[in-house]
Amino acid sequence: MASLSELLPPEAIRLEVTAADWRGALRAAGELLVTRGVTTDAYTDEMIRNVEENGPYIVIAPGFAFAHARPSPAVRRTGMSWVRLAEPVAFGHETNDPVTLVVALAAEESGAHTAAMAALARLLGDPATEAALRTASDPEQLHRALAEREPGEGSQESQQATDGGRSTGERTDGERGAQAGGPAVQKILTVCGNGVGTSLFLKDTLEQVLDRWGWDRHITVEATDTISAKGKASEAAAILTSREIARTLGDVGVPVKVVEDFTSVKEVDATLRDTYDV
């Protein structure tokens, strides 16, 4: 399974890109995918159509849009691109506009990039790393920042990231109480339009919180798309998603919780506490 730094080599990165609007920003990210032989032009159109049909749910954190579409014949191989804009553009998101960073994903199938998504979610959720990526002067420097900070499999840094940056012994009294009184085995769905992109960001952040609480043995998390979520809702204790996707889902018979910043452990922690009244 390819790592984040492997999916984002320097030639997949462009900085200080000028875009007139959100469509121009997505086209810039799509052009990088096409140039590297990852996709055809049709995939760029699919990414734009995804926002037109589902709204700006891909703006998953302040200033950050994660562009993607479903796996399709337009995807030649799994890959990513990184576009930092010279001037921010509005996508129409209620809380996370304007956008200065667009990362695009093209996936051959839904499981080929899960580790890279987890790494990216944690890197962007760390203020020091986010600042290093935001201020990198050229693609090579940005790629080095990604590679140096990307947790290695089984590393201590990776384990700490999974545990929200703290050891089990450093849990708060409230978290230790939650661990002791966790629920029976349940499922929470994280949902996006296609089930291969933004829902994976939210899944990873939620799993960090569950692990920190000691609830990871009680609750499983599944990332899925809107259509599948409606069929799977009866199996779930709750659904976590964006405001736009929550509107699309409507009443599915279980609580649907809106998360504005998919990379924020603090916000997801508060959402989980509200869901389980702890």
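Worth saying up front: this structure is predicted, and the values here are computed from it rather than measured.
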Spell out, as yes or no, whether a donor-acceptor pair under 3.5 Å connects the side chain of Asn96 to the backbone of Glu260.
->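 Yes; judged by distance alone, with no hydrogens or angles, the pair exists.
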Indicate yes or no for a side-chain donor-acceptor contact from Tyr43 to the backbone of Ala69 under 3.5 Å, with no hydrogens or angles considered.
->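 Present.
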Between Asp211 and Arg217, is there a side-chain N and carboxylate O pair less than 4.0 Å apart?
->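 Looking at Asp211 and Arg217, the cut-off is not met.
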Look at Arg247 together with Glu94 and state whether they make a salt bridge at an N to O cut-off of under 4.0 Å.
->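 So Arg247 pairs with Glu94 through a salt bridge.
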Strictly by modelled atom types, are Gln208 and Asp204 linked by a side-chain donor-acceptor pair under 3.5 Å?
->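 Yes - a donor-acceptor pair under 3.5 Å links their side chains.
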Provide the closest heavy-atom pair for Cys192 versus Gly197 in the form atom of the first, atom of the second, distance.
->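 Heavy atoms only, the tightest pair is SG-N, 4.1 Å.
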Would you name the heavy atoms of Gly30 and Thr39 that are closest together and state the gap between them?
->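 Scanning both residues completely, I find the closest heavy atoms to be O-OG1, 4.4 Å.
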Counting only heavy atoms not in Lys266, do more than 12 sit closer than 6.0 Å to its NZ atom?
->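 No.
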Within a radius of less than 6.0 Å around CD of Glu16, do more than 12 heavy atoms belonging to other residues, nucleotides or ligands occur?
->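 Atom CD in Glu16 is crowded, with more than 12 foreign heavy atoms closer than 6.0 Å.
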Any side-chain heavy-atom pair of [X] and [Y] under 4.5 Å:
| X | Y | result |
| --- | --- | --- |
| Ile48 | Trp22 | yes |
| Pro9 | Glu11 | yes |
| Glu150 | Glu6 | no |
| Leu120 | Leu8 | no |
| Thr44 | Glu31 | no |

From the options Thr226, Thr248, Asn50, select the one residue that forms a side chain to side chain donor-acceptor pair (under 3.5 Å) with Tyr57.
->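 By the side chain to side chain donor-acceptor pair (under 3.5 Å) criterion, Tyr57 pairs with just one of Thr226, Thr248, Asn50: Asn50.
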Which value, rounded to the nearest 0.5 Å, describes the distance between Glu222 atom CD and Lys232 atom NZ?
->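 Reported to 0.5 Å precision, the distance equals 3.5 Å.
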For the pair Tyr276 and Trp215, name the ring-plane relationship: parallel under 30°, tilted 30 to 60°, perpendicular over 60°.
->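 Taking Trp215 first and then Tyr276, their aromatic rings stand perpendicular (interplane angle over 60°).
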Given Leu32, which of Val83, Val102, Ile13 fulfils the side chain to side chain contact (heavy atoms under 4.5 Å, CB included) condition?
->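 With Leu32 as partner, Val83, Val102, Ile13 yield a single side chain to side chain contact (heavy atoms under 4.5 Å, CB included), made by Val83.
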What residue among Val221, Thr190, Ile188 forms side chain to side chain contact (heavy atoms under 4.5 Å, CB included) with Glu207?
->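 With Glu207 as partner, side chain to side chain contact (heavy atoms under 4.5 Å, CB included) holds for just one option, Val221.
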Kindly indicate, with the supporting measurements, whether the criterion salt bridge (Lys or Arg N to Asp or Glu O under 4.0 Å) is fulfilled by Arg273 and Asp269.
-> CA-CA 6 Å; Arg273 290 180 186 277; Asp269 182 288; 2.6 Å; yes
